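Here is the structure we will look at, set down as structure tokens.
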There are 2 protein chains.
Amino acid sequence: MAKIPNLTRLELPIMDALWAGGALSIREIPQSFPSEKRPAYTTVQTMVYRLEGKKVVHRLKKISNAHIFEALVSRQAAQRRLIDDFLARFGGKAQPVMAQLIETGRLSLKDIEDAESTLRRLAKQGKQP
Amino acid sequence: MAKIPNLTRLELPIMDALWAGGALSIREIPQSFPSEKRPAYTTVQTMVYRLEGKKVVHRLKKISNAHIFEALVSRQAAQRRLIDDFLARFGGKAQPVMAQLIETGRLSLKDIEDAESTLRRLAKQGKQP
DNA sequence: CGCACTCTCCTACATAAGTCATAGACTCTA
DNA sequence: TAGAGTCTATGACTTATGTAGGAGAGTGCG
């Protein structure tokens, strides 16, 4: 099974473009960046090549002289990896992170209520392996 | 006002030691690492010096020939910075992170309930600046 | 066909982070 | 005071990431 690496600051928005766009040429990827933060064409190219080396994307086909790249890992899986890694810094516990989110007002009551109902639903389905 | 940098993988446990211990010599810091993952003395030293350069710690005093270092930023503030940065990768929204935490079973119902009561309490106190 | 354009491929460089060894200054005890 | 032991200070190396230029191959229009 593929080991998903932790996507970096720049890799993530590149993958976002691929997740959203399905399969894109290098040229199309930087277009999803806000123009002030848009990296150079070859910068994106380098990152895509490196993502390819990490087996996170691959060349799906070639149109004219341009390669078309496609994501090989799901957004879900990549996000999970990211979150796992992040949580590890807090001893693997979600609680301190939650506490921070609440104290700094980034979680609304509705967010929590939604979370609660989702959790109850999952529990009812016996989703605990 | 001090700009708190994003503490890295190794910097964070070093700061943890200082937060927990109050003020420590270099020698004492690696002791809080599990022995399998304990970095060399000078590795810790380098990191502490760099943290000093970033104004995150400072030399409180000198005991005999050893410097005693102390944290200059609170755990709270450092964690907030870390979380802000992390959330930025998800468009600044906590919701997708919550969803992941729930789906991967890292948030218990109790965690959520605690969060909810905390949030209600804060709301009642009108804690919105 | 030939030229303009696009894309690939390779190379390069800077900074940050993690890793540690070594030399020499300092301290304390016998 | 002299030796043993401890710390500091400094330098060095590696890997990862972000950044991009330039040469040359490939494509398609006029």
Side-chain angles (χ1 to χ4, degrees), chain A residues 3-17 23-70 78 81-82 85-86 88-89, chain B residues 3-17 23-70 78 81-82 85-86 88-89:
Chain A
K3 250 199 103 192
I4 295 165
N6 219 347
L7 300 178
T8 65
R9 186 165 49 74
L10 181 54
E11 286 171 344
L12 192 57
I14 286 173
M15 292 304 291
D16 268 330
L24 304 173
S25 64
I26 301 287
R27 180 64 61 190
E28 296 167 290
I29 294 175
Q31 288 167 10
S32 62
F33 283 74
S35 57
E36 330 82 65
K37 297 187 179 172
R38 188 171 301 157
Y41 178 90
T42 47
T43 300
V44 172
Q45 194 190 30
T46 300
M47 297 311 288
V48 171
Y49 286 179
R50 288 179 185 168
L51 286 167
E52 194 183 14
K54 297 177 191 172
K55 309 278 198 244
V56 174
V57 307
H58 79 322
R59 295 169 195 226
L60 179 63
K61 59 185 174 181
K62 196 166 182 178
I63 291 184
S64 171
N65 66 338
H67 290 296
I68 303 300
F69 292 86
E70 183 187 46
R81 178 64 161 76
L82 233 29
D85 239 64
F86 185 67
R89 304 172 143 220
Chain B
K3 250 199 103 193
I4 294 165
N6 219 348
L7 301 178
T8 64
R9 187 164 48 74
L10 180 55
E11 286 171 344
L12 192 57
I14 285 174
M15 290 304 291
D16 268 331
L24 304 173
S25 64
I26 302 287
R27 181 63 62 190
E28 296 167 288
I29 294 175
Q31 288 166 11
S32 62
F33 282 73
S35 57
E36 330 82 65
K37 299 187 181 175
R38 188 171 299 157
Y41 177 91
T42 47
T43 299
V44 173
Q45 193 192 24
T46 299
M47 297 311 287
V48 171
Y49 285 0
R50 288 179 185 169
L51 287 168
E52 194 184 12
K54 298 177 192 174
K55 310 276 196 237
V56 175
V57 306
H58 79 321
R59 294 168 197 227
L60 179 64
K61 59 183 175 181
K62 196 167 181 176
I63 292 183
S64 170
N65 67 339
H67 291 295
I68 303 300
F69 292 87
E70 182 188 46
R81 177 65 160 76
L82 233 29
D85 240 63
F86 185 68
R89 304 172 142 218

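Numbered from 1 within each chain, the chains take letters A, B, ... in sequence-line order. Predicted, not measured: the structure shown is a model, and the values here were computed from it.
- Rounded to the nearest 0.5 angstrom, B/His58 NE2 and B/Glu70 CD are separated by 5.0 Å.
- Between the side chain of A/Arg50 and the backbone N or O of A/Glu11, no donor-acceptor pair lies under 3.5 Å.
- Shown here for A/Ala17 and A/Ser32, the closest heavy-atom pair between the two residues is CB-OG, 3.4 Å.
- When all heavy atoms of B/Gln31 and B/Arg38 are compared, the closest pair comes out as O-NH2, 3.8 Å.
- With rounding to the nearest 0.5 angstrom, the CE atom of B/Met47 is 6.0 Å from the NZ atom of B/Lys54.
- With the nearest nucleotide of DNA chain D identified for both A/Asn65 and A/Lys54, A/Lys54 has the one nearer the 5' end.
- Atom-to-atom distance recorded for B/Arg27:CZ and B/Ile68:CD1 is 12.0 Å, nearest 0.5 angstrom.
- Mapping B/Ile68 and A/Asn6 onto DNA chain D via the closest heavy atom, the residue that lands nearer the 5' end is B/Ile68.
- Looking at every heavy atom in both residues, B/Ile4 comes nearest to B/Ala78 through CG2-CA, 4.1 Å.
- Pairing each heavy atom of B/Phe33 with each of B/Lys37, the nearest pair is CD2-O, 3.8 Å.
- The line from OG1 of B/Thr42 to OH of B/Tyr49 is 10.0 Å long, rounded to the nearest 0.5 Å.
- DNA chain D is contacted by B/Tyr41, B/Thr42, B/Gln45, B/Thr46, B/Tyr49 of residues 41-53 of chain B, taking any non-hydrogen atom closer than 4.0 Å.
- Residues B/Ser64 and B/Lys62 approach most closely at O-CG, 3.5 Å, considering heavy atoms.
- The stretch residues 26-34 of chain B comes close to DNA chain D through B/Ile26, B/Arg27, each having a heavy atom under 4.0 Å from the strand.
- If one axis is set at each end of the helix from C/dC1-D/dG30 to C/dA30-D/dT1 from five pairs, those axes are 10° apart, to 10°.
- Between the A/Arg81 side chain and the A/Pro5 main chain, no donor and acceptor come within less than 3.5 Å of each other.
- Contacts between chain B and DNA chain D, taken as any atom within less than 4.0 angstrom of a protein heavy atom, begin and end at D/dT6 to D/dG11.
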Checklist entry - For B/Ser25 and B/Glu28, what are the C-alpha separation, side-chain angles and deciding distance, and is it a side chain to side chain donor-acceptor pair (under 3.5 Å)? => result CA-CA 5 Å; B/Ser25 64; B/Glu28 296 167 288; 3.1 Å; yes
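- Among B/Val57, B/Ile29, B/Leu10, the one residue that satisfies the side-chain contact (heavy atoms from CB on, under 4.5 Å) test with B/Met15 is B/Val57.
- Residue A/Phe69 is tested with A/Ile14, A/Ile26, A/Leu51, A/Leu24 for a side-chain contact (heavy atoms from CB on, under 4.5 Å); the sole match is A/Ile26.
- With a heavy-atom cut-off of 4.0 Å to chain B, the contacted part of DNA chain C has its first and last nucleotide at C/dA17 to C/dC28.
- Among residues two or more places apart in sequence or in another chain, the salt bridge (Lys or Arg N to Asp or Glu O under 4.0 Å) test is passed with A/Glu52 by A/Arg59.
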